[in-house]
Engineer: 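Let me begin by handing over the structure; questions about it come next.
By convention in this document, chain letters (A, B, ...) are assigned in the order of the sequence lines, proteins followed by strands, and residues within each chain are numbered from 1.
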Amino acid sequence: MKYEAVIGLEVHAQMLTDAKIFCGCSTKFGSEPNTQTCPVCIGMPGVLPVLNKKALEFAIKTGLSMNCNISQYSRFARKNYFYPDLPKGYQISQYELPICEKGYIEIIVEGEVKKIGITRIHIEEDAGKNIHGEDGNYSFVDLNRAGVPLMEIVSEPDIRSPREAVEFMKKLRTILRYLGVSDGNMEQGSLRCDANVSVRPIGQKEYGTRTEVKNINSFRFVEKALDYEIKRQIKVLEEGRKIIQETRLWDSDKGITESMRGKEEAHDYRYFPEPDLVPIMVDQRWIDEIRKSLPELPDIKRKRFVSECSLPDYDADFLTSERQLADWFEEAVKLGGQPKIVANWILGDLLRLLNEENKSIEESPLKPKQLVGMLRLIENGTISGKIAKTVFSEMYKTGRDAEIIVKEKGLLQISDKGEIDILIDEVIAKHPKEVERFKSGEEKLLGFFVGQVMKLTKGKANPQMVNEILKKKLSH
Amino acid sequence: MELYSLTISEARSLLDRREITAKELVNSITARIDTVEDRIKSFVTVTKEHAFHASEEAQKKIGKETKMLLGIPFAIKDNICTKDILTTCSSKILFNLMPLYESTVTSRLKEEGYILIGKANMDEFAMGSSTENSGFHITRNPWDIERSPGGSSGGPAAAVSADECIAALGSDTGGSIRQPSAFCGVVGLKPTYGRISRYGLIAFASSLDQIGPITKDVRDSAILMNIISGHDPLDSTSAPIQVPDFTSILGKDIKGLKIGVPKEYFIKGIDSEVEILVKDAIRQLELIGAIPIEVSLPHTDYAISAYYIIATSEASSNLARYDGMKYGLRTEGKDLIDTYMKTRAYGFGAEVKRRIMLGTYALSAGYYEAYYKKAQQVRTLIKEDFDRVFKKVDIIVTPTTPTPPFKLGEKIEDPLQMYLSDIFTISVNLAGVPAISIPCGFTKNDLPVGLQIIGKHFDEETILKVAYAYEQSTEWHKRKPNL
């Protein structure tokens, strides 16, 4: 029997607000334990939460960008459970009335656009962190993270494969990063994902019994964990057994999911409306203002790059995956760069150099203006395309302009016909055998002769001229 | 007259006229505490040293600064956080809690120069009606030390009644200011929900808790309301509503004012002496110009049930933070769960545990709809009862309690009987309206009885006006227990 997977994701994204969600403490990552705390976020008796409006604004931005309805009336609720990293014994979250509902985002799978529904987006506070002591006798609690604002984004069970799940997560991260509401870093834990997974025979309407897979903490593991879990479920069914509804933990070392707790042991969180906070009332005017402030979103940008710049889908998709990358591209085009050529340089040499140093596009020492300057030198024949590669690396290394590099390093293209004639004669004289073979029809040897000329000139000879003159001389 | 028996307004004018010093006043209060505290036990912590020092500082400022409470000693209920001063909620689980911050109400009192004389005893986490649920010791009623001072603000009410302070702050979730004030023959005001910041009040039931003054007369109540009322950016449930000058309304006549007398509050179970005294008080109000009108609050019967679901649900969550991890008591067990269980088993008293269990049950999956949600619906109906009646009348008067102060030990074994002692005060918290209890006479055994005056939302002015007019026309508030 053929099976298909049904996957829904629950994504937690840390918001990039300066202050925590219910107090004024900093959200900065990586400080000494418990240095970014106050009576409110450590849950001292008698304290009260006050909502950071920025967190609400970020959630609304996200909701609008994911085509959600924004609730003009929503509420916080308490999620009750005991854990040392949860200082109040409950997490302030949203339950019955979340801030955003009923949206979708588009992903591209195998060239097709697919809509994945967003059930809801709600805001809540993060918990602290337990740190287990080395001697094994004690654990410690760091509450710096307690109260950092989170968004929980819940998808509909519209995802049908691990690949789609990865595309969904990537798109989600792209949107969050475009908006500047989250840095979407899965490895550092600012983006986390739990998955609800079930399988069913193809053609069957009803969903199968699902499991919840937790602890998926990188994009790579999204695919691996889901792949494993789907295969596991299919195997269970094929052996005539039943799927148990349970929570499973992804173990990335072993590459498997393992049962964490069954349905019976599931927590009863005893949700109820948070009495310490008044209901959230959002007026339409504010929503409209936020909508106006939204940046151009990746889908629209991608379509525009295809239509305005005639970029291939792949290039457009890649360039719009990061807002800063798209901005870099657009700036270069605005300065006069040919879109496709600019795209090639970005997707090729620039990203390779940046990746080598683990740098982001914003950290690039090479600016759009410099790329365009170099492209001009190619266009007007000052340097060859081949030399341009060297110039490009040099610009990247030194941050200096192409013209200066070309002058100082003597990289000017040789376009003097007389000079090239002499060089070609030299090459022909040196390789009589190859000349014979060429003349007897082995035309691909032309490349060999070009290469020899280039070698002599260290790549500076004008390749077009070399080609033409070589052809002429060899055919005599 | 002894200095300790002064009211705020009396002390203020004597201090300002340099007829007494702040030090003399504090000395008089501490001497009084030395004399009576053994019998009454109003306090968990007496801050004598602090008070002596503060009185010297205050004296330097008198005449230079016009601060309403400069040099005046207060008792503060022990569930209101005072920075670096032990705040226990009368619970073993917080036996050593030194708050890192000052509550908004005490910050405001501080700005006006008050002197903290002590943190007053209470039922543990404000759960109770007799102060017998304190994790440390019981408090006795100054009018009869065999009897309860009421609760949960039994400590502050007894301290005011026994002249161990000039005034006090309590908190009221279902009657915890008014019932002990009635039992101790003093004035206790539960303001409108949202009138006073709860920041720094250790929560029992967040949607019902409200801090209020316990004083020797109505004027002092108005004076304190002027100081502690108003929006606080640290409490989003505090209302951004203009605060009037509550003292300026005092002395205005109440002619033609319509007072509602709800028939549901004068039925079986009410003590006959209480009924007679309260009806006398209504006649007295009529005599000075008010017009009594019989009204109905038909959902009164459901108030206690709804209250004990909402309050315990919220409490079960509010008290989850006492887990032995961060502050307070910690009883180590063999692992995390065992530590949680031991800490909470030793740290909480029986009534607190009972309410945590009730609330946990009411919020559980499958029961939420039947209990918590239903109770919220009943709460809405009760609120609507008041809204409807307040279209016809300006205030509502009732007895504060169905009986005079009961004996210590009389009800502690029977929680339901104990819960019923709040039957007349609970609806007010559910509706969120303000109410004051003032002395309206004494039983044959010389036990005080309280009259409850209930007002519209954010209309503390009218209840203070009526309470003051009544007080001016009677002498009850001048009687002192014989200690």
Engineer: Which label fits B:Phe348 and B:Tyr322: parallel for a plane angle under 30°, tilted from 30 to 60°, or perpendicular past 60°?
Structural biologist: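 The arrangement is perpendicular - the two ring planes meet at more than 60°.
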Engineer: Please classify the contact of B:Leu100 with chain A as side chain, backbone, both or neither, using a heavy-atom distance under 4.5 Å.
Structural biologist: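 Contact with chain A involves both backbone and side-chain atoms of B:Leu100.
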Engineer: Distance alone, cut at 3.5 Å: any donor-acceptor contact between the side chains of B:Thr173 and B:Ser176?
Structural biologist: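 No.
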Engineer: Please classify the contact of B:Leu336 with chain A as side chain, backbone, both or neither, using a heavy-atom distance under 4.5 Å.
Structural biologist: side chain
Engineer: Under 4.5 Å heavy-atom distance to chain A, tell me which part of B:Thr104 shows up: side chain, backbone, both or neither.
Structural biologist: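 Contact with chain A is absent: no heavy atom of B:Thr104 under 4.5 Å.
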Engineer: Under a 4.0 Å threshold between the charged nitrogen and the carboxylate oxygen, would B:Arg330 count as salt-bridged to B:Glu332?
Structural biologist: yes
Engineer: Heavy atom to heavy atom, less than 4.5 Å: which residues from residues 76-88 of chain B reach chain A?
Structural biologist: B:Cys81
Engineer: Less than 4.0 Å between a side-chain N and a carboxylate O, is that true for B:Asp232 and B:Arg108?
Structural biologist: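 Salt bridge between B:Arg108 and B:Asp232, a charged N being under 4.0 Å from a carboxylate O: no.
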Engineer: Any chance the side chains of B:Ser317 and A:Arg78 put a donor and an acceptor closer than 3.5 Å?
Structural biologist: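 A pair is found: one side chain offers a donor N or O, the other an acceptor, under 3.5 Å apart.
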Engineer: Under 3.5 Å, is there a donor-acceptor pair between the B:Asp209 and B:Ser171 side chains?
Structural biologist: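 No, B:Ser171 and B:Asp209 have no side-chain donor paired with an acceptor closer than 3.5 Å.
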Engineer: Heavy-atom cut-off 4.5 Å, strictly under: side chain, backbone, both or neither for B:Ile337 against chain A?
Structural biologist: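 Contact with chain A is absent: no heavy atom of B:Ile337 under 4.5 Å.
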Engineer: Anything under 30° is parallel, anything over 60° is perpendicular, the rest tilted; go ahead and classify A:Tyr81 against A:His267.
Structural biologist: tilted
Engineer: On the 0 to 90° scale, with breaks at 30° and 60°, tag the B:Phe204-B:Tyr307 ring pair as parallel, tilted or perpendicular.
Structural biologist: perpendicular
Engineer: Would you mind checking which part of A:Tyr90 comes under 4.5 Å of any heavy atom in chain B, side chain (CB onward), backbone (N, CA, C, O), both or neither?
Structural biologist: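 Just the side chain, heavy atoms under 4.5 Å.
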Engineer: Hey, are A:Lys88 and A:Glu274 close enough for a salt bridge, meaning a charged N less than 4.0 Å from a carboxylate O?
Structural biologist: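 Result for this pair is no, no salt bridge flagged.
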Engineer: If you count heavy-atom pairs under 4.5 Å between each of B:Arg198, B:Gln376, B:Met325 and chain A, which one has the most?
Structural biologist: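 Sorted descending by pairs with chain A, the first entry is B:Arg198.
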Engineer: Could you check whether B:Glu124 and B:Ser91, counting side-chain N and O atoms only, form a donor-acceptor pair closer than 3.5 Å?
Structural biologist: yes
Engineer: Let me know if A:Val141 has heavy atoms under 4.5 Å from chain B in its side chain, its backbone, both or neither.
Structural biologist: neither
Engineer: Rounded at 0.5 Å granularity, tell me how far CD1 in B:Ile196 sits from OG in B:Ser103.
Structural biologist: 11.0 Å
Engineer: Please classify the contact of B:Tyr368 with chain A as side chain, backbone, both or neither, using a heavy-atom distance under 4.5 Å.
Structural biologist: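 Just its side chain gets close to chain A.
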Engineer: Heavy-atom distance under 4.5 Å to chain B: side chain of A:Asp276, backbone, both or neither?
Structural biologist: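 Contact with chain B is through both the backbone and side chain of A:Asp276.
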Engineer: Using non-hydrogen atoms and a 4.5 Å limit, figure out which bit of B:Tyr193 sits close to chain A: side chain, backbone, both or neither.
Structural biologist: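 For B:Tyr193, the contact with chain A is made by the side chain alone.
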Engineer: Quick check on the interface: out of A:Gly89, A:Gly43, A:Cys38, who has the most heavy-atom pairs with chain B under 4.5 Å?
Structural biologist: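 Ranked by heavy-atom pairs under 4.5 Å with chain B, first place is A:Gly43.
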Engineer: Does atom OH of B:Tyr327 have more than 12 heavy-atom neighbours, drawn from other residues, nucleotides or ligands, at distances under 6.0 Å?
Structural biologist: yes
Engineer: Give, as side chain, backbone, both or neither, the part of A:Tyr269 having an atom under 4.5 angstrom from any heavy atom of chain B.
Structural biologist: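 No part of it gets close to chain B.
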